[in-house]
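See below for the structure under consideration.
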Protein chains: 2
Amino acid sequence: MTRRVTSFDVAARAGVSQSAVSRVFSGASASKATVDKVREAAEALGYRPNVLARSLITGRSRIIGLVVAYLGNPFYPDALERFSRDLQDEGYHTLVFTVPEGAGDTDTDRIIQQMLDHQVDGIVLASVGLGDALAARCEAAGIPVVLFNRGQAGSGLAQVTSANRLGGAKVADFLVAGGHARIGHVAGWQGSSTGRDRTEGFVARLAELGQDCVGVEDGRYDHAEAVRVTDLLLAKGVDALFVGNDHMAFAVMDHLRCTLGLSVPKDVSVVGYDDVPMAAFAAYDLTTVRQPVGRMVKTTVAALINQIEDKSAQAEVTEIDGPLMLRGSARKPEGFA
Amino acid sequence: MTRRVTSFDVAARAGVSQSAVSRVFSGASASKATVDKVREAAEALGYRPNVLARSLITGRSRIIGLVVAYLGNPFYPDALERFSRDLQDEGYHTLVFTVPEGAGDTDTDRIIQQMLDHQVDGIVLASVGLGDALAARCEAAGIPVVLFNRGQAGSGLAQVTSANRLGGAKVADFLVAGGHARIGHVAGWQGSSTGRDRTEGFVARLAELGQDCVGVEDGRYDHAEAVRVTDLLLAKGVDALFVGNDHMAFAVMDHLRCTLGLSVPKDVSVVGYDDVPMAAFAAYDLTTVRQPVGRMVKTTVAALINQIEDKSAQAEVTEIDGPLMLRGSARKPEGFA
DNA sequence: CGTGATTTTGCACACCTATGCAAAGTGACG
DNA sequence: CGTCACTTTGCATAGGTGTGCAAAATCACG
C-alpha cells in the first residue's frame with residue numbers, strides 16, 4: 001500500500017510552497033500562475049486534501065449528525081434520504097445515529113457525546129424525545145441543533161414542523177362538512193409536540209363548530225396500541241376517525257376492514273396525517289394531511305447551515321403548511337374545497 | 001466558548017506525560033497507579049480524546065460508509081436501522097450516502113471518492129450497481145468492501161445476500177403444489193444479481209417440475225413498470241404471479257384488485273420476495289419469501305470488521321436462507337410444509 | 001545487594017493541513 | 001525612478017493524538 005500523497009508532494013512538484021497548495025485548495029487568493037501549476041501537479045499525482053487534517057485544524061468537520069428514532073414509519077426514511085441528498089449538495093455529510101426503541105436520557109446523552117466526539121458541525125434531531133440536559137450540552141459545545149418534526153417549547157432550539165394545529169383543524173372542518181356526527185380521534189403520542197398539536201387543533205376546531213369529540217385516545221404512534229384504542233372508540237359508536245399519523249391509520253383500517261368486516265369509508269371514515277407514499281396505494285387510498293417533507297427538509301438544512309455559518313443567528317421556529325389530500329378512505333362532502 | 005481540554009491538560013493535572021494519557025485511553029499497557037491518576041484527572045476535567053486527531057495519526061476513522069440507493073422500498077430502511085445499531089455496538093459509526101435515482105458510474109465514483117476523502121474504514125454497498133472501476137479503486141486504497149443484497153460475480157468482493165436461487169425455487173414448488181397451471185413472473189430488475197438469481201431459481205425449478213413459465217417480464221423493481229408488465233402477463237391468462245420483491249407485489253395486488261376488480265388469491269395468486277413488515281399488514285397479507293435482514297446485516301458487519309482487522313482475510317460470499325411465509329395472497333396447497 | 005529480564009515512562013516526532021505574519025513582488029501614478 | 005497601496009508567497013507554527021526508542025523503574029532471583 002502506497003503512502004498518501006500530501007500537499008508537500010504537490011508543492012514540490014509544482015515548485016511552490018505547501019502553503020500555496022493549501023491556499024489553492026481552500027479557495028484563498030492566489031495568482032493565476034500558481035493556481036495552474038498546483039492544479040496540474042495535483043492532478044498528476046492524484047492529490048486530494050486530507051479531510052481529517054483539515055477538520056482538525058479548522059475545527060469544522062462538514063459532518064452533520066442525524067439522530068433518528070424509528071424508521072418503521074415510512075415518513076422517516078423519506079426524510080433521511082432527502083437529508084442525505086440535500087446535505088451532500090451543500091458539501092456536508094450525514095452521520096446517522098439511531099436511538100434504540102425504549103431509550104432513556106442516558107442513551108440519548110451517550111449518542112450526543114459520540115457526536116461531540118466526532119465534532120459534527122450541526123445536529124438534526126428527527127423526532128426524538130430529549131432531556132433538557134441536551135440543549136445545554138450543545139449550547140456549551142457551540143453546536144447548532146435543529147429539531148425536525150418535533151418541537152420543544154422553551155428549549156430555545158430551532159425547530160421545523162408542519163403546521164400541526166392547522167392540520168388538525170383542517171381535518172375537523174373536513175369531517176364535519178362530511179356530515180359526520182360521532183367523530184373520534186386516535187391521537188399521536190401525547191408525549192410529543194406533534195401529537196399534542198394535531199390533537200389540540202383538531203379538538204379545538206371541532207368545538208368551534210359546535211361538535212364534541214366523542215373520544216380521544218392516545219395511540220402512541222404504535223400499531224397494536226392504535227388498534228386497541230380503536231376498539232374503545234368503536235364501542236362509543238364513532239362514524240369517523242382522525243388518526244394521528246398514517247402509519248397508525250393503516251393498522252386502524254386493516255383492523256376495521258379485515259378483522260371487524262366494516263367498510264371504510266361507508267361505516268367509518270378514516271383520515272390520517274403525513275401522506276407517506278403508501279397512503280396513495282390503492283389498498284388504503286388514505287385521505288390524509290400532507291406533511292411537505294421536501295420543504296421541511298430543505299428548511300431544516302437551511303436553518304442548520306445558517307446557524308453554522310453565523311453563530312449569532314437566531315434559532316427560528318418554522319411551521320410549514322400542507323394540504324389535505326382527498327382520497328377514498330373518508331366520505332367526501334359535496335363541493336368541499 | 002472554552003477551549004477543548006486536551007491530553008496535555010490531563011497529563012499536567014495527573015502529573016504524568018501526555019504519552020501516558022494517550023496510552024491509558026488507547027488501551028496500551030500502563031501501571032495501575034498511572035491509570036488511576038489519569039482516569040481521575042480526565043474525569044475531573046471532562047476530557048475526551050479528539051477523534052479527529054486520533055484518526056489522523058492512526059489512519060483509522062472507525063467510520064463505515066453505507067451507500068444506499070432507494071429507501072422507498074421498506075427493506076432498506078429496516079436494514080439501515082440495523083446497520084447503524086450493529087455498527088454502533090461494535091464502536092463504529094455510519095456515514096450515509098444516497099446515490100441519486102438514475103445515477104451513472106460518474107456519480108458512484110464521486111461518492112466513492114468522498115468516502116475515501118473521509119477515510120472510511122470500510123464500505124457497505126447496499127444494492128447499488130457499480131462499475132468495475134470501483135473494486136479496483138477500493139483495492140488500491142486498501143478499503144474493505146462488502147456488497148449487501150447484491151452480488152457481482154468475479155468482482156472478488158465480499159457479498160451477503162439471501163439464498164435467492166433457492167428462494168425462487170421454493171416459490172416454484174409452492175405454486176405448483178397449489179395446483180397452478182399458468183404461472184407468470186414479474187421479475188426483479190434483471191440488471192441486478194438478486195433479480196436474476198431469483199428468476200433463475202424459479203424458472204429452473206418450474207422446468208424440473210415439468211412446467212413452463214407462461215411469461216417472464218422485467219419489473220425493474222418499479223411500481224409503474226410492474227403494473228405495466230402485469231397486464232402483459234394477464235393477457236396470457238396467468239393464474240399465479242411470482243413477483244420479484246414485495247414492493248412491486250403491493251403495486252401488482254393493488255392493480256389486480258382495485259383497478260381490475262380481480263380477487264387475490266381466488267383469481268390470481270401472488271407471491272412476493274423480502275417479507276418487509278408491510279407484507280404482514282392485513283390489507284396485503286402477502287405470501288412471500290423472507291429475507292432475514294437481521295442475520296444478513298450481522299453477517300455483513302462481521303465480514304466487514306473481519307476484513308478491517310485482518311487485511312489478509314478472504315472476501316467471503318455468503319448466502320442466507322429464509323423461509324417462505326405462508327399468508328393469504330396465494331392459494332395454499334393442502335398440507336404444504 | 002548485584003545483576004539481568006521485564007515493564008513503565010517520557011521524549012520527540014509524525015500525521016497533514018490552515019493561517020498569521022512579515023517579506024517579496026506587482027502595478028499605478030506622479 | 002521613487003513612493004505607495006495592494007497582492008502574492010513562504011516561513012513557521014498550531015491543531016491533538018499515537019508510537020518508536022531509549023532511559024528509568026520495577027521485579028525476580030541468586
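So you know, we letter chains A, B, ... as the sequences are listed, proteins then strands, and number each from 1.
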(request) Could you tell me if the ring centre of B:F25 sits under 6.0 Å from that of B:Y47? (result) yes
(message) In whole Å, I'd like the distance from the CZ atom of B:R4 to the P atom of D:dG15.
(response) 13 Å
(message) Taking the nucleotide of DNA chain C with the nearest heavy atom to each, does A:S22 or B:K32 sit closer to the 5' end?
(response) B:K32
(message) Using whole Å, what does the distance between atom C1' of nucleotide D:dT8 and atom CG of A:D36 come to?
(response) 15 Å
(message) Which nucleotide wins on minimum distance to the side chain of B:A53, given the candidates D:dG18, C:dT8, D:dG16?
(response) D:dG16
(request) Confirm from the modelled atom types if A:S19 and D:dC11 form a donor-acceptor pair under 3.5 Å, side chain to base only. (result) yes
(message) Between C1' on D:dG16 and CG on A:L52, what's the gap in Å once rounded to a whole number?
(response) 12 Å
(request) Send over the distance from A:N50 CG to C:dC15 C1', rounded to a whole Å. (result) 8 Å
(request) Name the nucleic acid region contacted by B:V16, choosing base, sugar-phosphate or nothing; use a 4.0 angstrom heavy-atom cut-off, strictly under. (result) sugar-phosphate
(request) Looking at every strand, decide which applies to B:S31 at a 4.0 Å heavy-atom threshold: base, sugar-phosphate, or nothing. (result) sugar-phosphate
(request) Please evaluate the base of D:dG10 for a donor-acceptor partner in the side chain of A:R23 within a cut-off of under 3.5 Å? (result) yes
(request) Check whether any side-chain N or O of B:T6 sits under 4.0 Å from OP1 or OP2 of D:dG16, and answer yes or no. (result) no
(message) Just the rounded figure in Å: distance from P of D:dA12 to CD1 of A:I57.
(response) 17 Å
(request) Please lay out, stage by stage, how B:V96 and A:F83 fare under the test side-chain contact (heavy atoms from CB on, under 4.5 Å). (result) CA-CA 10 Å; B:V96 170; A:F83 270 119; over 6 Å; no
(request) Tell me yes or no: between the side chains of B:H93 and A:Q114, is some donor less than 3.5 Å from an acceptor? (result) yes
(message) Please report the distance, rounded to the nearest Å, between CZ in B:F8 and P in C:dC13.
(response) 13 Å
(message) Does A:T58 reach a base, just sugar-phosphate, or nothing at all? Heavy atoms under 4.0 Å.
(response) sugar-phosphate
(request) Calculate the interatomic distance between B:L56 atom CG and C:dA14 atom P; express it in whole Å. (result) 14 Å
(request) Figure out the CZ/P separation between A:R60 and D:dG15, and round it to whole Å. (result) 18 Å
(message) Do B:S19 and B:S22 pair up side chain to side chain, a donor and an acceptor below 3.5 Å, judged on atom types alone?
(response) no
(request) Using distance alone, with no hydrogens and no angle criterion, decide if B:D86 and B:Y92 have a side-chain donor and acceptor under 3.5 Å apart. (result) no
